[in-house]
Amino acid sequence: MTQAHRYITTPIYYVNGAPHIGHAYTSVAADVIARFHRLDGKTVRFTTGTDEHGQKVEQAAQAAGIATQAFTDEMSQGFRVMSDAMGISYDDFIRTTEPRHKASASALWERVRDNGHIYLGAYEGWYALRDESFYSADEITERPDGTKVAPTGAPVEWVREPSYFFRLSAFEDRLLKLYEDQPGFIGPEGRRREIVSFVKQGLRDLSVSRTSFSWGIPVPGDPAHVMYVWFDALANYLSSLGYPDVSNPLMAFWPADLHLVGKDIARFHAVYWPAFLMAAGIELPRRVFANGWWTIEGEKMSKSIGNVVDPRDLIAEFGLDPIRFFLLREVPFGGDSDLNRRAIITRLNVELANDLGNLVQRTLSLIARNCGGVLPARTAPTEDDAALLAMADALPDLLRGCVERCALTEGLEDVWKVIRACNAYIDRMAPWALRKTDTARMAAVLRVLADVLRTIGTVLQPYMPDTMARLLDQLAVPAEARALTALQTRLPDGLELPAPQGLFPRYVEPAA
RNA sequence: GGCGGCGUAGCUCAGCGGUAGAGCAGGGGAAUCAUAAUCCCUUGGUCGGCGGUUCAAAUCCGUCCGCCGCUACCA
């Protein structure tokens, strides 16, 4: 991949509830990928935002007794605050209620319509007024008295409402070809199989407009309809770039390199979205990757159980970088995983405080105390030195590969192998003993460690930006020498180092 | 029901045809520069059951058991 720019997106989050750890997780993962590419010299466009239309939002606003727009303003702000709290380095926060988005979604609709892929039909089905939703025939049960009811117990009636349809059925073959020609289009692999088998079952045309509520983008040329929320929402990836204004320089970022999404919305991104784009004659995104869910202390996260985790609570207790680290370290990315206190504390104490934090501390304080606080000179490496340095030098490429595959957990594992090797090295070399017998060799050993720590700090910046900035500060790495390419130039000998300070304090459980 | 995935050390998982692996937890030892952190050694598994293919199977095939995912308009 030598492409010079990257366009990475998070989903836009639906504003019918407050942000929780699941939203934070997807955003952090996307953020790490975006930051990595920037570190790797790419020009990156990274977007997030909120999806604000639809009947549920309209109802929630009514229930709250506020104007719908005011309601979405407030809910959207909650997601912006969450993004900032998690250190998400987004370039744009797009809202579907913004004029620029409405214009963009409308333009996309017109283009698809003009290409002959939208037609007016009728949406019919079993409708429960009480639930305000449609049910399929197999969900309906008939009571002894003859009334038909939904699974919720609400009575249903057969209704027919005019609706625009998208000719999704016409894209079945092209979608299957897409999945076959570009196996990387959907990840992880298991998710890809599900999508393929879904499409193979056959696609029906998709109802893409509603007349039963009005909180949405009016259908161009027929304002009695509003757009189906997914047609509206997916368009955000284009509206953020200024579509349909092709003269907008941001349009150069299209097609998107990666849409990172939760597994629940994989289908919309891997089936509907490419179909809409094909219909519009627009290039397709390169990759859609679905991440898994978090369970909380072994239980599914849900409002009814009352175990929904607010990421801000975690940050308040453990700190931002440790939580970012935990979220990406604990799961094989793509799968589900459990969030529990013991696991968090173990990870933070063992891997951050002991393995990495303590390594930095012992190395830097040896330099501070025995090398006059300046970076020792590089010397011809011994076999041990060369082996360790080679491991570190391999990291940038290893991480590039992991990031391309969205294998963020594996990336951390690769870095930790080097950290463990550093601890083994420092013990074997024992610079504290060399101090009495061979100060030149002691200095050489510490220099090797400093160089390796600099590489570690550099490649971990996307995961833990604040703390790694502090590590690089302590190694006196200039701001302009913190990118991946800068690693090819070693730090000058004799560089003055500031006094070492702890990076990751051990977490001590507060006395109960 | 259909399609797919998983089941490997106490825990979380990697391996996916050639004499069972990592991290954590447990046990023993070393060291004492460091956030009592670190390093070394080590206990521990008939790789879900049963059949089959092969000189050789966690690894391929069949079957059974147990979990889980997907199966369209729900964010």
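It should be emphasised that the depicted structure is a prediction, and the values quoted were computed from it without experimental measurement. Every chain is numbered from 1 and lettered A, B, ... according to where its sequence line falls, protein lines coming before strand lines.
- At whole-Å resolution of the value, CZ in A:Phe231 and P in B:A72 are 22 Å apart.
- Within the nucleic acid shown, A:Ala353 comes within 4.0 Å of at least one base atom, counting heavy atoms only.
- B:A34 atom C1' lies 13 Å from atom CD1 of A:Ile367, rounded to whole Å.
- Here the separation of B:C55 from B:G7, taken at their P atoms, is 28 Å to the nearest Å.
- Here, B:U19 and B:G1 have their C1' atoms 45 Å apart, quoted to the whole Å.
- With P as the reference atom, B:C70 and B:G52 are 37 Å apart, rounded to whole Å.
- Nucleotides B:A34 and B:G28, compared at atom C1', are 24 Å apart to the nearest Å.
- A distance of about 26 Å separates the P atoms of B:A31 and B:A22, rounded to the whole Å.
- Minimum atom distance to the side chain of A:Arg506 is reached by B:A37, of the listed B:A37, B:C40, B:C33.
- Of the candidates B:U38, B:G4, B:C74, the closest approach to any side-chain atom of A:Arg193 belongs to B:G4.
- Only the P atoms considered, B:G45 is 14 Å distant from B:G21, to the nearest whole Å.
- Glycosidic conformation at B:A58 (O4'-C1'-N9-C4 for purines, O4'-C1'-N1-C2 for pyrimidines): syn, within 90° of 0.
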Sub-3.5 Å pairs of nitrogen or oxygen atoms, protein against nucleotides 67-70 of chain B:
unit_1, atom_1, unit_2, atom_2, d
B:G69, O2', A:Arg191, NH1, 3.3
B:G69, O2', A:Glu194, OE1, 3.4
B:G69, O2', A:Glu194, OE2, 2.5
B:C70, O4', A:Glu194, OE1, 3.2
B:C70, O4', A:Glu194, OE2, 3.4

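- Applying the 4.0 Å criterion to OP1 and OP2 of B:C33, one finds that A:Asn370 has every side-chain N and O outside that range.
- Note on A:Ala430: nothing from the nucleic acid sits closer than 4.0 angstrom, heavy atoms only.
- Ring centroid separation for the pair A:Tyr228 and A:Phe231 does not come in under the 6.0 Å cut-off.
- When heavy atoms are screened at a 4.0 angstrom cut-off, A:Leu359 is found touching no nucleic acid atom at all.
- Because its NZ or CZ atom is both nearer than 6.0 Å to the ring centre of A:Phe198 and within 45° of the ring axis, A:Arg267 counts as a cation-pi partner of that residue.
- The base of B:A34 sits with one of its N or O atoms less than 3.5 Å from a complementary donor or acceptor on the side chain of A:Asn358.
- B:A25 and B:C11 have their P atoms separated by 15 Å, given to the nearest Å.
- A distance of 6.0 Å or more separates the ring centres of A:Tyr123 and A:Trp158.
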What pattern of brackets, bars and dots sums up RNA chain B from 5' to 3', given Watson-Crick or G-U wobble pairs under 3.5 Å, [ ] for crossing pairs and | for another strand? ((((((((.[[[[.)..(..]]]].(((((.......))))).....[[[[[..)....]]]]])))))))....
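- B:G69 and B:G15 have their P atoms separated by 22 Å, with the value rounded to a whole Å.
- Between A:Arg428 and the phosphate of B:U38, there is no side-chain N or O to OP1/OP2 separation shorter than 4.0 Å.
- Remark: aromatic rings of A:Phe166 and A:Phe171 are close, center separation under 6.0 Å.
- Here the nucleotide nearest the side chain of A:Ser207, chosen from B:A34, B:U38, B:C73, is B:C73.
- Checked by atom type, the side-chain pair A:Ser27/A:Tyr13 shows a donor-acceptor distance below 3.5 Å.
- Using a 4.0 Å heavy-atom criterion, one finds that A:Arg210 contacts the bases of the nucleic acid, with or without backbone contacts as well.
- Among the atoms of the strands shown, base atoms are found under 4.0 Å from some heavy atom of A:Gly202.
- Looking at heavy atoms from C-beta onward, A:Tyr164 lies out of side-chain contact with A:Thr211 at the 4.5 angstrom threshold.
- Ring-plane geometry between A:Phe268 and A:Tyr272 is classed as perpendicular, the angle between the planes exceeding 60 degrees on a 0 to 90 degree scale with a lower cut at 30.
- Counted by atom type alone, A:Thr382 and A:Asp385 present one or more donor-acceptor pairs between their side chains at under 3.5 Å.
- Where A:Gln501 and A:Glu351 meet RNA chain B, the nucleotide closest to each residue was compared, and A:Glu351 sits on the side nearer the 5' end.
- Of the candidates B:C33, B:G23, B:C73, B:C73 carries the atom nearest the A:Leu206 side chain, counting heavy atoms from C-beta on.
- In this structure, the nucleotide among B:C39, B:U35, B:C33 sitting nearest to the side chain of A:Arg362 is B:C33.
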